[in-house]
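Since the structure comes first, as structure tokens, the remarks are kept for the end.
When reading the values below, keep in mind they use all heavy atoms of this one structure, side chains included, and skip hydrogens, waters and symmetry mates. Chain letters run A, B, ... following the sequence lines, proteins first, then strands; residues in each count from 1.
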There are 2 protein chains.
Amino acid sequence: MSNAGVAVSRPDGQELVRGRPRHPDVDAAIIAAALSVLVDVGYPRFTMVEVARRAGVGKPTLYRRWARKSQLVVEAMRTQMPGEAALPPDNVSDQLLHYATRLSETLTHTPLGRVLPGLVAEMATDPDLAAAYRSLIIEPTRQLWREAVERGIRTGELLPDTDVDFVLDALAGPLYVRLLITGAPADPDAPWLAVQLVLARYSASPAVGAADPRRTISAGPAS
Amino acid sequence: MSNAGVAVSRPDGQELVRGRPRHPDVDAAIIAAALSVLVDVGYPRFTMVEVARRAGVGKPTLYRRWARKSQLVVEAMRTQMPGEAALPPDNVSDQLLHYATRLSETLTHTPLGRVLPGLVAEMATDPDLAAAYRSLIIEPTRQLWREAVERGIRTGELLPDTDVDFVLDALAGPLYVRLLITGAPADPDAPWLAVQLVLARYSASPAVGAADPRRTISAGPAS
DNA sequence: GCTATAACGCTACTGGCAGTAACGAAAAGA
DNA sequence: TCTTTTCGTTACTGCCAGTAGCGTTATAGC
């Protein structure tokens, strides 16, 4: 997102750089500083001055790269997202459990959890930020989940009437509610419980969902 | 929450009021103005000056009643919560559907939905606000839901291993996720779909949850 | 080298808002 | 009348986002 107004592509395909080039370490230093500030004080007390101070950089240097504070934050958050990591298990229930568990860990063990509430607020009034956050952070994750669910429908593991988007909301919802609304500590079982709900309703194999299905499906998180 | 530093209770139980009494309409005027500002601009652009202006009141008058902007907002929100309205249906599934539908409507049709994101952010750094919001707005609602679920367990409608708090999260989660995270428009079916999930997993009667259970339980929101 | 260009750190500024202080005036009880 | 407290008004402090202008420095092309 560090806007590349510097480089102008030339007819020969090379980059024409005029003037003093940007220092190669500054971007990284700013992102690192931003993350450290976010971890320390959360979004609402996150100030650009403090980021500049910790990065050993002038404030205008920040604004040369990111026009808004919120954009810098989104960029910093994006670096915290887990990589693709080719999905390991080959059945839908384990895949969903894997994803839900990973989201739960991201929310509890990375700055994302600490920052999310403030970001959510800003999204409500800053459409650009909302779009950036959703397309860079939320959507990539949801797309993975969506593909897993659709695959499950195709293979017959899930019922054909499965409401894909609702399933995604149902898996992520309980995790977000705790973090954002009730403030209760994250329940390590929550991902598994959520997957249970989804399977109980949408799994094609009728046995699932009653009694104690934990053993009938899988033991725990795959990661 | 309008702090009553004015009245001092006397031994005889009467109120001892010294000095000029507060104007009886000012509290209501401020709350009304606050709500109108919230509706118009949302929490992050909500300013006390604007509230004072619309209420035809000085800024210090606001601060005489509510020490923080966030406290005024919580108070204003509280007036928007639906009343108790003795729970109508007598079976758990209809009760939960009723509550979930009411939450959905509150989130979409009252200022609460517009304000919630910003409030959530502020809660992350303001423990007092978080406590006030949770005890005045979140908890009363959850308590109703909790009682319904526990009643269902007692009557045998729900399985004894039902995880009560998780059920609450699972019912509210999908609604909040849309509002706060994905920004997708509220799905009018979401409350019903969420109840379906819960019943499919925790209902004691095994028929529920497969095929098209919509007709096997109830048609729609009870309100 | 020399020149043009743009990044850099620095300082200073504008503008908006939360929250406070101080005032004179008004409303009530004692 | 005296005391107390509210009320509106005005003015203030302090914080922060974001911008402007400065002199300096690194690089590419001539």
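Residue B:Val26 places its side chain closer to D:dC7 than to any other of C:dA28, D:dT27, D:dC7.
Between B:Gly19 and B:Pro24, the residue anchored nearer the 5' end of DNA chain D, judged by the nucleotide with its closest heavy atom, is B:Gly19. Residue order along DNA chain D, read from the 5' end via each residue's closest nucleotide, puts B:His23 first among A:Ser70 and B:His23.
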Please tabulate the protein-to-nucleotide N/O contacts below 3.5 Å involving nucleotides 19-24 of chain D, giving atom names and distances.
none

What protein N or O atoms touch nucleotides 14-16 of chain D N or O atoms at under 3.5 angstrom, if any, and at what distances?
none

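For A:Arg154, there are no side chain to side chain donor-acceptor pair (under 3.5 Å) partners, not counting sequence neighbours. Every residue meeting the side chain to side chain contact (heavy atoms under 4.5 Å, CB included) condition with A:Thr79, not counting sequence neighbours, appears here in chain and number order: A:Ile31, A:Leu35. Under the rule for a side chain to side chain contact (heavy atoms under 4.5 Å, CB included), the partners of A:Thr162 that lie at least two apart in sequence or sit in another chain are A:Val149, A:Ile153, A:Leu158, A:Leu159, A:Val167, A:Tyr202. Under the rule for a side chain to side chain contact (heavy atoms under 4.5 Å, CB included), the partners of B:Arg68 that lie at least two apart in sequence or sit in another chain are B:Ser70, B:Gln71. A search for side chain to side chain contact (heavy atoms under 4.5 Å, CB included) contacts involving B:Pro117 returns A:Val120, A:Ala124, B:Leu180, not counting sequence neighbours. Residues meeting the side chain to side chain donor-acceptor pair (under 3.5 Å) test with B:Glu150, sequence neighbours left out: none. Legend: residues meeting side chain to side chain donor-acceptor pair (under 3.5 Å) with B:Glu147, ordered by chain and number and at least two apart, are B:Gln143. A:Thr61 pairs by the side chain to side chain donor-acceptor pair (under 3.5 Å) definition with A:Arg64, not counting sequence neighbours.
Atom pair A:Ile30:CD1 and C:dG9:P shows a separation of 8 Å (rounding to whole Å applied). Whole-Å rounding puts the B:Trp66 CH2 to C:dT20 C1' distance at 18 Å. Regarding A:Leu72, its CG atom lies at a distance of 11 Å from the P atom of D:dG18, rounded to whole Å. For the pair A:Arg53 CZ and C:dT11 P, the computed distance is 15 Å after rounding to whole Å. Across the protein-nucleic acid pair, B:Arg22 atom CZ and D:dT4 atom C1' stand 14 Å apart, rounded to whole Å.
Two end axes, each from the C1' atoms of five base pairs, can be drawn for the helix from C:dG1-D:dC30 to C:dA30-D:dT1; they diverge by 0°, to 10 degrees.
One finds a salt bridge joining A:Glu50 and A:Arg53 here, because a Lys/Arg side-chain nitrogen approaches an Asp/Glu carboxylate oxygen to under 4.0 Å.
Residues A:Tyr99 and A:Ala148 share a closest heavy-atom pair of CE1-CB, 4.1 Å.
Applying the salt bridge (charged side-chain N to carboxylate O under 4.0 Å, His left out) test to residues at least two apart or on different chains, the pairs with a partner in residues 168-180 of chain B are A:Asp169-B:Arg178, A:Arg178-B:Asp169, B:Arg142-B:Asp169.
Residue B:Gly58 is in base contact, counting any heavy-atom pair closer than 4.0 Å across all strands shown.
The side chain of B:Arg65 contributes an N or O atom lying less than 4.0 Å from OP1 or OP2 of D:dC7.
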